[in-house]
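Chain naming here is simple, since letters A, B, ... match the order of the sequence lines and numbering starts at 1 in each. Note: hydrogens, waters and symmetry copies are ignored here, and every other heavy atom, side chains too, is used.
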Protein chains: 2
Amino acid sequence: MNGKIFIIEDEPSIIQLVQHNLEKNGFLVSSSLNGNDGLKELKKFQPDLLLLDWMLPDLSGIEICKNIRKDNSIKNLPVIMLTAKGEEEDKIKGLDSGVDDYLTKPFSFNELMARIKAVLRRSNPNTVSDNLEFEDLVLDRIEKRVYRDKKEIQLGPTEFRLLEFFLVNPKRVYSRDQILENVWPNNINVESRTIDVHIRRLRKSINIQNKKELIRTVRSSGYSLI
Amino acid sequence: MNGKIFIIEDEPSIIQLVQHNLEKNGFLVSSSLNGNDGLKELKKFQPDLLLLDWMLPDLSGIEICKNIRKDNSIKNLPVIMLTAKGEEEDKIKGLDSGVDDYLTKPFSFNELMARIKAVLRRSNPNTVSDNLEFEDLVLDRIEKRVYRDKKEIQLGPTEFRLLEFFLVNPKRVYSRDQILENVWPNNINVESRTIDVHIRRLRKSINIQNKKELIRTVRSSGYSLI
DNA sequence: TTAGTTTGTAACAAAAATGTAACATTTAAA
DNA sequence: TTTAAATGTTACATTTTTGTTACAAACTAA
(Lines give C-alpha, C1' and ligand atoms only; values in the text may rest on other atoms or scores of the structure.)
Protein backbone atom coordinates (compact mmCIF):
# COMPACT_ATOMS: atom_id res chain seq x y z
CA MET A 1 0.00 0.00 0.00
CA ASN A 2 1.23 3.44 -0.77
CA GLY A 3 -0.13 6.85 -1.40
CA LYS A 4 -0.29 10.22 0.31
CA ILE A 5 -2.95 11.20 2.76
CA PHE A 6 -3.59 14.63 4.22
CA ILE A 7 -5.48 15.19 7.45
CA ILE A 8 -7.25 18.36 8.55
CA GLU A 9 -8.41 17.87 12.11
CA ASP A 10 -8.17 20.10 15.16
CA GLU A 11 -7.82 17.38 17.74
CA PRO A 12 -4.11 16.58 18.01
CA SER A 13 -4.68 13.22 19.65
CA ILE A 14 -6.76 12.01 16.73
CA ILE A 15 -4.18 13.21 14.26
CA GLN A 16 -1.43 11.46 16.11
CA LEU A 17 -3.32 8.21 16.33
CA VAL A 18 -4.47 8.14 12.75
CA GLN A 19 -1.20 9.37 11.34
CA HIS A 20 0.81 6.81 13.18
CA ASN A 21 -1.40 3.97 12.05
CA LEU A 22 -1.54 5.11 8.47
CA GLU A 23 2.20 5.37 8.33
CA LYS A 24 2.47 1.91 9.72
CA ASN A 25 0.40 0.86 6.74
CA GLY A 26 2.74 2.44 4.28
CA PHE A 27 1.06 5.76 3.64
CA LEU A 28 2.82 9.08 3.57
CA VAL A 29 0.90 11.39 5.88
CA SER A 30 0.80 15.12 6.53
CA SER A 31 -1.67 17.19 8.49
CA SER A 32 -2.99 20.55 9.62
CA LEU A 33 -4.87 21.65 12.72
CA ASN A 34 -7.09 24.17 10.95
CA GLY A 35 -8.73 24.82 7.65
CA ASN A 36 -6.81 27.76 6.27
CA ASP A 37 -3.38 26.28 6.83
CA GLY A 38 -4.73 22.99 5.63
CA LEU A 39 -5.84 24.33 2.29
CA LYS A 40 -2.43 25.84 1.67
CA GLU A 41 -0.38 22.83 2.68
CA LEU A 42 -2.72 20.56 0.85
CA LYS A 43 -1.68 21.98 -2.48
CA LYS A 44 1.97 21.56 -1.72
CA PHE A 45 1.55 18.03 -0.44
CA GLN A 46 -0.58 16.81 -3.35
CA PRO A 47 -2.22 13.98 -1.48
CA ASP A 48 -4.20 11.12 -2.95
CA LEU A 49 -6.87 11.48 -0.30
CA LEU A 50 -8.03 13.95 2.32
CA LEU A 51 -9.36 13.15 5.77
CA LEU A 52 -11.39 16.17 6.76
CA ASP A 53 -12.92 17.03 10.08
CA TRP A 54 -16.41 18.53 9.91
CA MET A 55 -15.97 20.98 12.74
CA LEU A 56 -12.86 23.09 12.59
CA PRO A 57 -11.92 26.27 14.42
CA ASP A 58 -11.97 28.44 11.30
CA LEU A 59 -13.53 26.99 8.16
CA SER A 60 -16.10 24.23 8.20
CA GLY A 61 -15.46 20.98 6.42
CA ILE A 62 -18.07 21.87 3.84
CA GLU A 63 -16.37 25.16 3.04
CA ILE A 64 -13.05 23.47 2.59
CA CYS A 65 -14.66 20.94 0.34
CA LYS A 66 -16.18 23.62 -1.83
CA ASN A 67 -12.82 25.34 -2.03
CA ILE A 68 -11.24 22.15 -3.19
CA ARG A 69 -13.81 21.48 -5.88
CA LYS A 70 -13.24 24.95 -7.27
CA ASP A 71 -9.48 24.54 -7.43
CA ASN A 72 -8.50 22.85 -10.63
CA SER A 73 -5.22 21.52 -9.31
CA ILE A 74 -6.93 19.42 -6.66
CA LYS A 75 -10.45 19.31 -7.99
CA ASN A 76 -10.82 15.57 -7.92
CA LEU A 77 -9.19 14.90 -4.59
CA PRO A 78 -11.23 12.25 -2.79
CA VAL A 79 -12.44 13.35 0.63
CA ILE A 80 -13.51 11.36 3.64
CA MET A 81 -15.37 13.52 6.14
CA LEU A 82 -15.04 12.90 9.87
CA THR A 83 -18.09 13.90 11.86
CA ALA A 84 -18.72 13.74 15.57
CA LYS A 85 -21.86 12.08 16.80
CA GLY A 86 -24.61 14.56 17.35
CA GLU A 87 -23.57 16.85 14.55
CA GLU A 88 -26.84 16.12 12.86
CA GLU A 89 -25.41 13.48 10.69
CA ASP A 90 -28.35 13.30 8.37
CA LYS A 91 -28.18 16.95 7.57
CA ILE A 92 -24.48 16.76 6.90
CA LYS A 93 -24.75 13.78 4.65
CA GLY A 94 -27.60 15.35 2.79
CA LEU A 95 -25.51 18.29 1.72
CA ASP A 96 -24.02 17.56 -1.62
CA SER A 97 -20.56 18.85 -1.05
CA GLY A 98 -18.91 16.20 -3.14
CA VAL A 99 -17.65 14.21 -0.22
CA ASP A 100 -16.78 10.64 -1.08
CA ASP A 101 -17.49 9.06 2.25
CA TYR A 102 -18.32 9.83 5.86
CA LEU A 103 -17.13 8.40 9.14
CA THR A 104 -18.63 9.13 12.51
CA LYS A 105 -16.39 9.56 15.51
CA PRO A 106 -15.48 7.58 17.40
CA PHE A 107 -14.37 5.13 14.76
CA SER A 108 -12.03 2.19 14.84
CA PHE A 109 -8.91 2.34 12.79
CA ASN A 110 -10.05 -0.70 10.88
CA GLU A 111 -13.18 1.06 9.78
CA LEU A 112 -11.19 4.04 8.65
CA MET A 113 -8.79 1.84 6.79
CA ALA A 114 -11.59 0.06 5.01
CA ARG A 115 -13.12 3.34 3.87
CA ILE A 116 -9.79 4.68 2.74
CA LYS A 117 -9.11 1.60 0.70
CA ALA A 118 -12.54 1.68 -0.85
CA VAL A 119 -12.27 5.32 -1.82
CA LEU A 120 -8.73 5.02 -3.12
CA ARG A 121 -9.58 1.91 -5.03
CA ARG A 122 -12.10 3.69 -7.15
CA SER A 123 -10.31 6.98 -7.51
CA ASN A 124 -6.84 5.74 -8.02
CA PRO A 125 -6.68 1.99 -8.30
CA ASN A 126 -2.92 1.87 -8.44
CA THR A 127 -2.56 3.42 -5.05
CA VAL A 128 -4.11 0.48 -3.33
CA SER A 129 -2.43 -2.78 -3.62
CA ASP A 130 -2.67 -5.42 -1.05
CA ASN A 131 0.75 -6.63 -1.93
CA LEU A 132 3.63 -6.01 0.37
CA GLU A 133 6.99 -5.99 -1.33
CA PHE A 134 10.58 -5.81 -0.28
CA GLU A 135 13.46 -6.51 -2.59
CA ASP A 136 12.56 -9.68 -4.43
CA LEU A 137 10.00 -10.69 -1.84
CA VAL A 138 6.28 -10.28 -2.57
CA LEU A 139 3.45 -11.03 -0.19
CA ASP A 140 -0.04 -11.10 -1.62
CA ARG A 141 -2.57 -10.54 1.13
CA ILE A 142 -5.56 -11.30 -1.05
CA GLU A 143 -4.43 -14.62 -2.36
CA LYS A 144 -2.33 -15.34 0.69
CA ARG A 145 0.73 -16.18 -1.28
CA VAL A 146 4.38 -15.30 -0.94
CA TYR A 147 6.93 -15.15 -3.71
CA ARG A 148 10.67 -14.84 -3.63
CA ASP A 149 12.34 -14.05 -6.89
CA LYS A 150 9.02 -14.71 -8.67
CA LYS A 151 8.84 -18.24 -7.37
CA GLU A 152 6.14 -19.12 -4.88
CA ILE A 153 7.08 -20.08 -1.36
CA GLN A 154 4.91 -22.06 1.01
CA LEU A 155 4.56 -20.60 4.47
CA GLY A 156 2.68 -21.77 7.52
CA PRO A 157 0.09 -19.40 8.99
CA THR A 158 2.37 -17.98 11.65
CA GLU A 159 5.25 -17.61 9.26
CA PHE A 160 2.89 -15.73 6.97
CA ARG A 161 1.69 -13.35 9.65
CA LEU A 162 5.23 -12.83 10.85
CA LEU A 163 6.50 -11.95 7.42
CA GLU A 164 3.48 -9.74 6.79
CA PHE A 165 4.27 -7.87 9.95
CA PHE A 166 7.87 -7.30 9.04
CA LEU A 167 7.03 -6.24 5.53
CA VAL A 168 5.01 -3.25 6.68
CA ASN A 169 8.19 -1.62 7.94
CA PRO A 170 10.90 -3.75 6.47
CA LYS A 171 13.99 -2.26 7.94
CA ARG A 172 12.61 -1.45 11.34
CA VAL A 173 13.86 -3.54 14.21
CA TYR A 174 11.15 -5.05 16.37
CA SER A 175 11.59 -6.38 19.86
CA ARG A 176 10.22 -9.76 20.71
CA ASP A 177 7.53 -8.10 22.75
CA GLN A 178 6.43 -6.02 19.81
CA ILE A 179 6.41 -9.02 17.56
CA LEU A 180 4.39 -10.97 20.07
CA GLU A 181 1.85 -8.21 20.39
CA ASN A 182 1.35 -7.81 16.70
CA VAL A 183 1.68 -11.26 15.30
CA TRP A 184 0.10 -13.45 17.92
CA PRO A 185 -3.58 -13.39 18.74
CA ASN A 186 -4.32 -11.13 21.66
CA ASN A 187 -4.02 -12.32 25.23
CA ILE A 188 -2.27 -15.45 24.15
CA ASN A 189 0.81 -16.13 26.15
CA VAL A 190 3.80 -17.72 24.56
CA GLU A 191 7.41 -17.75 25.61
CA SER A 192 9.66 -15.24 23.99
CA ARG A 193 11.87 -18.02 22.72
CA THR A 194 8.97 -19.19 20.60
CA ILE A 195 9.57 -16.23 18.39
CA ASP A 196 13.13 -17.27 17.76
CA VAL A 197 11.92 -20.60 16.59
CA HIS A 198 9.40 -19.11 14.25
CA ILE A 199 11.99 -16.71 12.93
CA ARG A 200 14.14 -19.67 12.22
CA ARG A 201 11.30 -21.40 10.40
CA LEU A 202 10.55 -18.30 8.38
CA ARG A 203 14.21 -17.93 7.50
CA LYS A 204 14.35 -21.49 6.33
CA SER A 205 11.31 -20.96 4.18
CA ILE A 206 12.25 -17.73 2.48
CA ASN A 207 15.92 -18.45 1.96
CA ILE A 208 16.96 -19.55 -1.44
CA GLN A 209 20.34 -20.47 -2.72
CA ASN A 210 22.84 -17.78 -3.54
CA LYS A 211 20.56 -15.13 -2.14
CA LYS A 212 21.37 -13.11 0.89
CA GLU A 213 19.72 -13.67 4.24
CA LEU A 214 16.64 -11.45 4.53
CA ILE A 215 16.13 -11.45 8.27
CA ARG A 216 18.57 -9.61 10.44
CA THR A 217 19.18 -10.46 14.07
CA VAL A 218 19.87 -7.47 16.24
CA ARG A 219 21.38 -8.91 19.31
CA SER A 220 19.45 -8.14 22.49
CA SER A 221 16.98 -6.03 20.52
CA GLY A 222 15.07 -8.18 18.12
CA TYR A 223 14.73 -8.79 14.40
CA SER A 224 14.12 -6.90 11.21
CA LEU A 225 14.18 -7.41 7.50
CA ILE A 226 17.23 -6.14 5.71
CA MET B 1 -19.74 -9.08 -20.59
CA ASN B 2 -19.10 -6.55 -23.29
CA GLY B 3 -20.72 -3.58 -24.87
CA LYS B 4 -20.27 0.17 -25.04
CA ILE B 5 -21.73 2.56 -22.50
CA PHE B 6 -21.81 6.33 -22.68
CA ILE B 7 -22.23 8.55 -19.63
CA ILE B 8 -23.48 12.13 -19.53
CA GLU B 9 -23.06 13.41 -16.00
CA ASP B 10 -21.64 16.65 -14.66
CA GLU B 11 -20.21 15.29 -11.41
CA PRO B 12 -16.70 14.05 -12.18
CA SER B 13 -16.49 11.86 -9.11
CA ILE B 14 -19.55 9.90 -10.20
CA ILE B 15 -18.22 9.49 -13.70
CA GLN B 16 -14.93 8.30 -12.39
CA LEU B 17 -16.50 5.83 -10.04
CA VAL B 18 -18.98 4.40 -12.49
CA GLN B 19 -16.59 4.34 -15.40
CA HIS B 20 -13.93 2.50 -13.49
CA ASN B 21 -16.33 -0.11 -12.26
CA LEU B 22 -17.97 -0.63 -15.62
CA GLU B 23 -14.60 -1.07 -17.24
CA LYS B 24 -13.70 -3.60 -14.63
CA ASN B 25 -16.79 -5.46 -15.74
CA GLY B 26 -15.72 -5.52 -19.33
CA PHE B 27 -17.57 -2.56 -20.78
CA LEU B 28 -16.09 0.06 -23.02
CA VAL B 29 -16.95 3.43 -21.52
CA SER B 30 -16.87 7.03 -22.67
CA SER B 31 -18.40 10.14 -21.12
CA SER B 32 -19.21 13.83 -21.28
CA LEU B 33 -19.68 16.42 -18.58
CA ASN B 34 -22.52 18.29 -20.31
CA GLY B 35 -25.40 17.71 -22.64
CA ASN B 36 -24.27 19.41 -25.84
CA ASP B 37 -20.88 17.75 -25.98
CA GLY B 38 -22.53 14.54 -24.94
CA LEU B 39 -24.93 14.48 -27.85
CA LYS B 40 -22.11 15.00 -30.33
CA GLU B 41 -19.75 12.42 -28.89
CA LEU B 42 -22.58 9.98 -28.45
CA LYS B 43 -23.03 9.66 -32.18
CA LYS B 44 -19.37 9.00 -32.71
CA PHE B 45 -19.13 6.49 -29.91
CA GLN B 46 -22.22 4.49 -30.91
CA PRO B 47 -22.88 3.06 -27.47
CA ASP B 48 -25.21 0.22 -26.58
CA LEU B 49 -26.57 2.14 -23.62
CA LEU B 50 -26.61 5.66 -22.21
CA LEU B 51 -26.39 6.68 -18.56
CA LEU B 52 -27.91 10.11 -18.39
CA ASP B 53 -27.95 12.56 -15.54
CA TRP B 54 -31.23 14.40 -15.06
CA MET B 55 -29.73 17.71 -14.04
CA LEU B 56 -27.04 19.01 -16.32
CA PRO B 57 -25.52 22.46 -16.66
CA ASP B 58 -26.90 23.04 -20.13
CA LEU B 59 -29.57 20.67 -21.43
CA SER B 60 -31.83 18.67 -19.15
CA GLY B 61 -31.88 14.92 -19.33
CA ILE B 62 -35.35 15.05 -20.83
CA GLU B 63 -34.22 17.32 -23.63
CA ILE B 64 -31.34 15.08 -24.48
CA CYS B 65 -33.65 12.13 -24.53
CA LYS B 66 -35.99 13.83 -26.93
CA ASN B 67 -33.08 14.69 -29.16
CA ILE B 68 -32.03 11.11 -29.23
CA ARG B 69 -35.45 9.79 -30.12
CA LYS B 70 -35.61 12.17 -33.04
CA ASP B 71 -32.24 11.10 -34.41
CA ASN B 72 -32.61 8.06 -36.60
CA SER B 73 -29.03 6.90 -36.15
CA ILE B 74 -29.43 6.44 -32.40
CA LYS B 75 -33.18 6.37 -32.10
CA ASN B 76 -33.38 3.13 -30.17
CA LEU B 77 -30.52 3.71 -27.78
CA PRO B 78 -31.56 2.49 -24.33
CA VAL B 79 -31.28 5.14 -21.62
CA ILE B 80 -30.98 4.88 -17.87
CA MET B 81 -31.70 8.17 -16.16
CA LEU B 82 -29.87 9.18 -13.00
CA THR B 83 -31.83 11.44 -10.69
CA ALA B 84 -30.84 13.00 -7.39
CA LYS B 85 -33.09 12.60 -4.41
CA GLY B 86 -35.51 15.46 -4.09
CA GLU B 87 -35.79 16.06 -7.79
CA GLU B 88 -39.42 15.16 -7.52
CA GLU B 89 -38.86 11.65 -8.59
CA ASP B 90 -42.48 10.87 -9.22
CA LYS B 91 -42.91 13.74 -11.57
CA ILE B 92 -39.81 12.80 -13.50
CA LYS B 93 -40.76 9.21 -13.84
CA GLY B 94 -44.20 10.17 -14.94
CA LEU B 95 -42.90 12.06 -17.93
CA ASP B 96 -42.89 9.84 -20.95
CA SER B 97 -39.52 10.66 -22.33
CA GLY B 98 -38.77 7.17 -23.53
CA VAL B 99 -36.37 6.43 -20.73
CA ASP B 100 -35.84 2.74 -20.08
CA ASP B 101 -35.08 2.90 -16.39
CA TYR B 102 -34.38 5.28 -13.54
CA LEU B 103 -31.91 5.24 -10.71
CA THR B 104 -31.92 7.59 -7.75
CA LYS B 105 -28.66 8.91 -6.36
CA PRO B 106 -27.01 7.84 -4.26
CA PHE B 107 -27.01 4.35 -5.68
CA SER B 108 -24.77 1.39 -5.13
CA PHE B 109 -22.80 0.08 -8.02
CA ASN B 110 -24.53 -3.25 -7.72
CA GLU B 111 -27.90 -1.63 -8.25
CA LEU B 112 -26.62 0.18 -11.29
CA MET B 113 -25.13 -2.97 -12.69
CA ALA B 114 -28.36 -4.86 -12.23
CA ARG B 115 -30.31 -2.19 -14.09
CA ILE B 116 -27.79 -2.04 -16.88
CA LYS B 117 -27.92 -5.75 -17.35
CA ALA B 118 -31.69 -5.78 -17.35
CA VAL B 119 -31.93 -3.03 -19.91
CA LEU B 120 -29.25 -4.47 -22.15
CA ARG B 121 -30.76 -7.89 -21.94
CA ARG B 122 -33.96 -6.79 -23.54
CA SER B 123 -32.49 -4.38 -26.03
CA ASN B 124 -29.47 -6.29 -27.11
CA PRO B 125 -29.32 -9.77 -25.64
CA ASN B 126 -25.93 -10.58 -27.08
CA THR B 127 -24.25 -7.83 -25.16
CA VAL B 128 -24.90 -9.39 -21.79
CA SER B 129 -23.46 -12.63 -20.73
CA ASP B 130 -23.98 -13.76 -17.23
CA ASN B 131 -21.40 -16.44 -17.45
CA LEU B 132 -18.67 -16.68 -14.92
CA GLU B 133 -15.61 -18.44 -16.20
CA PHE B 134 -12.37 -19.64 -14.77
CA GLU B 135 -10.02 -21.96 -16.58
CA ASP B 136 -12.18 -24.70 -18.01
CA LEU B 137 -15.02 -24.00 -15.63
CA VAL B 138 -18.12 -22.16 -16.84
CA LEU B 139 -21.07 -21.15 -14.71
CA ASP B 140 -24.16 -19.91 -16.48
CA ARG B 141 -26.17 -17.78 -14.10
CA ILE B 142 -29.16 -17.54 -16.40
CA GLU B 143 -29.63 -21.20 -17.07
CA LYS B 144 -28.10 -22.23 -13.77
CA ARG B 145 -25.75 -24.67 -15.32
CA VAL B 146 -22.11 -25.46 -14.73
CA TYR B 147 -19.67 -26.93 -17.18
CA ARG B 148 -16.22 -28.28 -16.72
CA ASP B 149 -14.24 -28.89 -19.83
CA LYS B 150 -17.42 -28.33 -21.92
CA LYS B 151 -19.21 -31.13 -20.15
CA GLU B 152 -22.10 -30.27 -17.88
CA ILE B 153 -21.80 -30.92 -14.19
CA GLN B 154 -24.71 -31.33 -11.81
CA LEU B 155 -24.47 -29.26 -8.65
CA GLY B 156 -26.78 -28.94 -5.68
CA PRO B 157 -28.13 -25.49 -4.85
CA THR B 158 -25.59 -24.74 -2.16
CA GLU B 159 -22.76 -26.07 -4.25
CA PHE B 160 -23.91 -23.78 -7.04
CA ARG B 161 -24.03 -20.68 -4.88
CA LEU B 162 -20.69 -21.55 -3.37
CA LEU B 163 -19.04 -21.92 -6.72
CA GLU B 164 -20.73 -18.79 -8.01
CA PHE B 165 -19.33 -16.89 -5.07
CA PHE B 166 -15.81 -18.11 -5.63
CA LEU B 167 -15.94 -17.44 -9.35
CA VAL B 168 -16.46 -13.71 -8.88
CA ASN B 169 -12.93 -13.42 -7.49
CA PRO B 170 -11.42 -16.73 -8.31
CA LYS B 171 -8.05 -16.50 -6.71
CA ARG B 172 -9.02 -14.57 -3.66
CA VAL B 173 -8.91 -16.41 -0.37
CA TYR B 174 -12.11 -16.18 1.63
CA SER B 175 -12.46 -16.93 5.30
CA ARG B 176 -15.25 -19.17 6.47
CA ASP B 177 -16.98 -16.14 7.91
CA GLN B 178 -16.90 -14.38 4.60
CA ILE B 179 -18.20 -17.43 2.82
CA LEU B 180 -20.97 -17.80 5.35
CA GLU B 181 -22.00 -14.21 4.97
CA ASN B 182 -22.12 -14.33 1.23
CA VAL B 183 -23.32 -17.76 0.37
CA TRP B 184 -25.82 -18.51 3.08
CA PRO B 185 -29.10 -16.66 3.46
CA ASN B 186 -28.81 -13.82 5.92
CA ASN B 187 -29.17 -14.34 9.63
CA ILE B 188 -29.06 -18.07 9.22
CA ASN B 189 -26.73 -19.67 11.65
CA VAL B 190 -24.74 -22.66 10.65
CA GLU B 191 -21.57 -24.08 12.08
CA SER B 192 -18.38 -23.14 10.38
CA ARG B 193 -17.64 -26.82 9.84
CA THR B 194 -20.65 -26.98 7.58
CA ILE B 195 -18.70 -25.02 5.05
CA ASP B 196 -15.97 -27.58 5.01
CA VAL B 197 -18.49 -30.24 4.21
CA HIS B 198 -19.98 -28.26 1.37
CA ILE B 199 -16.54 -27.50 0.05
CA ARG B 200 -15.88 -31.16 0.05
CA ARG B 201 -19.11 -31.82 -1.86
CA LEU B 202 -18.31 -29.12 -4.37
CA ARG B 203 -14.85 -30.52 -4.85
CA LYS B 204 -16.22 -33.95 -5.48
CA SER B 205 -18.63 -32.56 -8.04
CA ILE B 206 -16.28 -30.41 -10.06
CA ASN B 207 -13.31 -32.70 -10.04
CA ILE B 208 -12.76 -34.77 -13.10
CA GLN B 209 -10.05 -37.25 -13.81
CA ASN B 210 -6.61 -36.08 -14.75
CA LYS B 211 -7.53 -32.51 -14.00
CA LYS B 212 -6.00 -30.54 -11.19
CA GLU B 213 -7.88 -29.73 -8.03
CA LEU B 214 -9.65 -26.40 -8.43
CA ILE B 215 -10.26 -25.49 -4.82
CA ARG B 216 -7.34 -24.48 -2.67
CA THR B 217 -7.33 -24.86 1.09
CA VAL B 218 -5.41 -22.15 2.88
CA ARG B 219 -4.91 -23.51 6.29
CA SER B 220 -6.27 -21.30 9.07
CA SER B 221 -7.50 -18.79 6.48
CA GLY B 222 -10.10 -20.32 4.25
CA TYR B 223 -10.55 -21.41 0.66
CA SER B 224 -10.13 -20.05 -2.84
CA LEU B 225 -10.19 -21.24 -6.41
CA ILE B 226 -6.87 -21.84 -8.00
C1' DT C 1 41.07 -15.30 27.23
C1' DT C 2 36.84 -16.70 30.05
C1' DA C 3 32.30 -16.56 31.84
C1' DG C 4 27.89 -15.23 30.94
C1' DT C 5 24.39 -14.07 27.74
C1' DT C 6 21.97 -14.47 23.58
C1' DT C 7 20.63 -16.87 19.58
C1' DG C 8 20.32 -20.99 16.18
C1' DT C 9 18.81 -25.58 15.53
C1' DA C 10 16.63 -29.98 15.88
C1' DA C 11 13.47 -32.99 17.96
C1' DC C 12 9.26 -34.02 20.11
C1' DA C 13 4.70 -33.98 21.91
C1' DA C 14 0.48 -31.53 22.11
C1' DA C 15 -2.96 -28.92 19.88
C1' DA C 16 -5.43 -27.36 15.98
C1' DA C 17 -7.25 -27.58 11.40
C1' DT C 18 -9.04 -30.15 7.84
C1' DG C 19 -10.90 -34.27 5.06
C1' DT C 20 -14.17 -37.75 5.02
C1' DA C 21 -18.03 -40.64 5.84
C1' DA C 22 -22.20 -41.52 8.07
C1' DC C 23 -26.56 -40.16 9.89
C1' DA C 24 -30.77 -37.54 11.00
C1' DT C 25 -33.61 -33.91 9.66
C1' DT C 26 -35.62 -30.80 6.53
C1' DT C 27 -37.25 -29.56 2.08
C1' DA C 28 -38.95 -30.25 -2.48
C1' DA C 29 -40.88 -33.14 -6.07
C1' DA C 30 -43.67 -36.67 -8.00
C1' DT D 1 -48.58 -39.23 0.55
C1' DT D 2 -44.30 -41.27 -0.83
C1' DT D 3 -39.77 -40.69 -2.48
C1' DA D 4 -35.79 -38.52 -3.39
C1' DA D 5 -32.73 -34.72 -2.81
C1' DA D 6 -30.50 -31.44 -0.01
C1' DT D 7 -28.74 -29.95 4.18
C1' DG D 8 -26.62 -29.55 8.80
C1' DT D 9 -24.27 -31.92 12.23
C1' DT D 10 -21.26 -35.14 14.35
C1' DA D 11 -17.48 -38.35 14.90
C1' DC D 12 -13.17 -39.91 13.68
C1' DA D 13 -8.76 -40.19 10.94
C1' DT D 14 -5.17 -37.62 9.08
C1' DT D 15 -2.28 -33.91 8.36
C1' DT D 16 -0.30 -29.58 9.69
C1' DT D 17 1.00 -26.34 12.89
C1' DT D 18 2.66 -24.95 17.17
C1' DG D 19 5.09 -24.35 21.63
C1' DT D 20 8.57 -26.03 24.33
C1' DT D 21 12.79 -27.92 25.56
C1' DA D 22 17.62 -29.13 25.28
C1' DC D 23 21.88 -28.37 23.50
C1' DA D 24 25.23 -26.21 20.32
C1' DA D 25 27.02 -22.09 18.49
C1' DA D 26 27.85 -17.21 18.42
C1' DC D 27 28.51 -13.13 20.56
C1' DT D 28 29.80 -9.63 24.39
C1' DA D 29 32.15 -7.63 28.05
C1' DA D 30 35.65 -7.76 31.41
- [ ] Summarise how protein sits on nucleotides 21-26 of chain D as a single string, 5' to 3': B when a protein heavy atom is under 4.0 Å from the base, S for sugar-phosphate-only contact, - for no contact.
- [x] B----B
TODO: Just compare D/dG8, D/dG19, D/dT7 and give me whichever is closest to any side-chain atom of B/Pro157.
DONE: D/dT7
TODO: Please assess B/Arg69 against B/Asp100 for the test salt bridge (charged side-chain N to carboxylate O under 4.0 Å, His left out), listing each intermediate value before the final yes or no.
DONE: CA-CA 12 Å; B/Arg69 298 308 175 212; B/Asp100 295 80; 3.6 Å; yes
- [ ] Grab the CG-C1' distance between B/Leu202 and D/dT7 for me, whole Å please.
- [x] 15 Å
Task: Whole angstrom value for the distance that separates P of C/dT20 from CD1 of B/Ile199 - done: 12 Å
Open item on the list: Quick check on DNA chain D: between B/Thr158 and A/Leu155, whose nearest nucleotide comes earlier from the 5' end?
Closed with: B/Thr158
Task: Length of the line joining A/Gln154:CD and D/dT15:C1', which is rounded to integer Å - done: 15 Å
Open item on the list: Classify B/Phe160 by what it touches in the nucleic acid, base, sugar-phosphate, or nothing, heavy-atom distance under 4.0 Å.
Closed with: nothing
Task: Separation of D/dA6 C1' from B/Lys204 NZ (nearest whole Å) - done: 14 Å
Open item on the list: What verdict does the side-chain hydrogen bond (donor to acceptor under 3.5 Å, both in side chains) test give for A/Tyr223 and A/Asp196, after you've listed the backbone C-alpha separation in whole Å, the side-chain angles of each residue and the deciding distance to 0.1 Å?
Closed with: CA-CA 9 Å; A/Tyr223 300 94; A/Asp196 298 6; 3.2 Å; yes
Open item on the list: Using 0.5 Å steps for rounding, measure from the OG1 atom of B/Thr158 to the CD atom of B/Glu164.
Closed with: 12.0 Å
Task: D/dT7 OP1/OP2 closer than 4.0 Å to side-chain N/O of B/Trp184 - done: no
- [ ] Could you tell me whether the phosphate oxygens of C/dG8, OP1 or OP2, come under 4.0 Å of any side-chain nitrogen or oxygen in A/Tyr223?
- [x] yes
- [ ] Using atom CZ of A/Arg216 as one end and atom P of C/dG8 as the other, report the distance to the nearest whole Å.
- [x] 13 Å
Task: Salt-bridge contact B/Glu152-B/Arg145 (side-chain N to carboxylate O under 4.0 Å) - done: yes
Open item on the list: Check this one for me: any side-chain N or O of A/Thr217 less than 4.0 Å away from OP1 or OP2 of C/dT7?
Closed with: no
Task: Length of the CZ-C1' vector between A/Arg176 and C/dT5, whole Å - done: 12 Å
Open item on the list: Check whether B/Phe27 forms a cation-pi arrangement with B/Lys4 (NZ or CZ under 6.0 Å from the six-membered ring centre, at most 45° off the ring normal).
Closed with: no
- [ ] Verify, without hydrogens or angle tests, whether B/Asn169 (side chain) and B/Arg172 (backbone) share a donor-acceptor contact under 3.5 angstrom.
- [x] no
- [ ] Hey, can you tell me if A/Trp184 and A/His198 have their rings parallel, tilted or perpendicular (30° and 60° cut-offs)?
- [x] perpendicular
TODO: Whole angstrom is fine here: how far is it from CG in B/Asn207 over to C1' in C/dT20?
DONE: 14 Å
Task: B/S/- contact track for nucleotides 23-30 of chain C, protein heavy atom under 4.0 Å - done: --------
- [ ] Evaluate the ring planes of A/Tyr174 and A/Phe165, with Trp represented by its six-membered ring, and classify them as parallel (under 30°), tilted (30 to 60°) or perpendicular (over 60°).
- [x] tilted
TODO: Give the C-alpha distance, both sets of side-chain angles, the deciding distance and a yes or no for salt bridge (charged side-chain N to carboxylate O under 4.0 Å, His left out) between B/Arg193 and B/Glu191.
DONE: CA-CA 5 Å; B/Arg193 288 310 313 275; B/Glu191 307 264 327; over 6 Å; no
TODO: Could you check how far CG of A/Asp196 sits from C1' of C/dT5, rounded to whole Å?
DONE: 13 Å
Open item on the list: Can you tell me if B/Glu135 has over 12 outside heavy atoms packed within less than 6.0 Å of its CD?
Closed with: yes
Open item on the list: As a test of reading the structure: which of C/dT18, D/dT7, D/dG19 is closest to the side chain of B/His198, going by heavy atoms?
Closed with: D/dT7
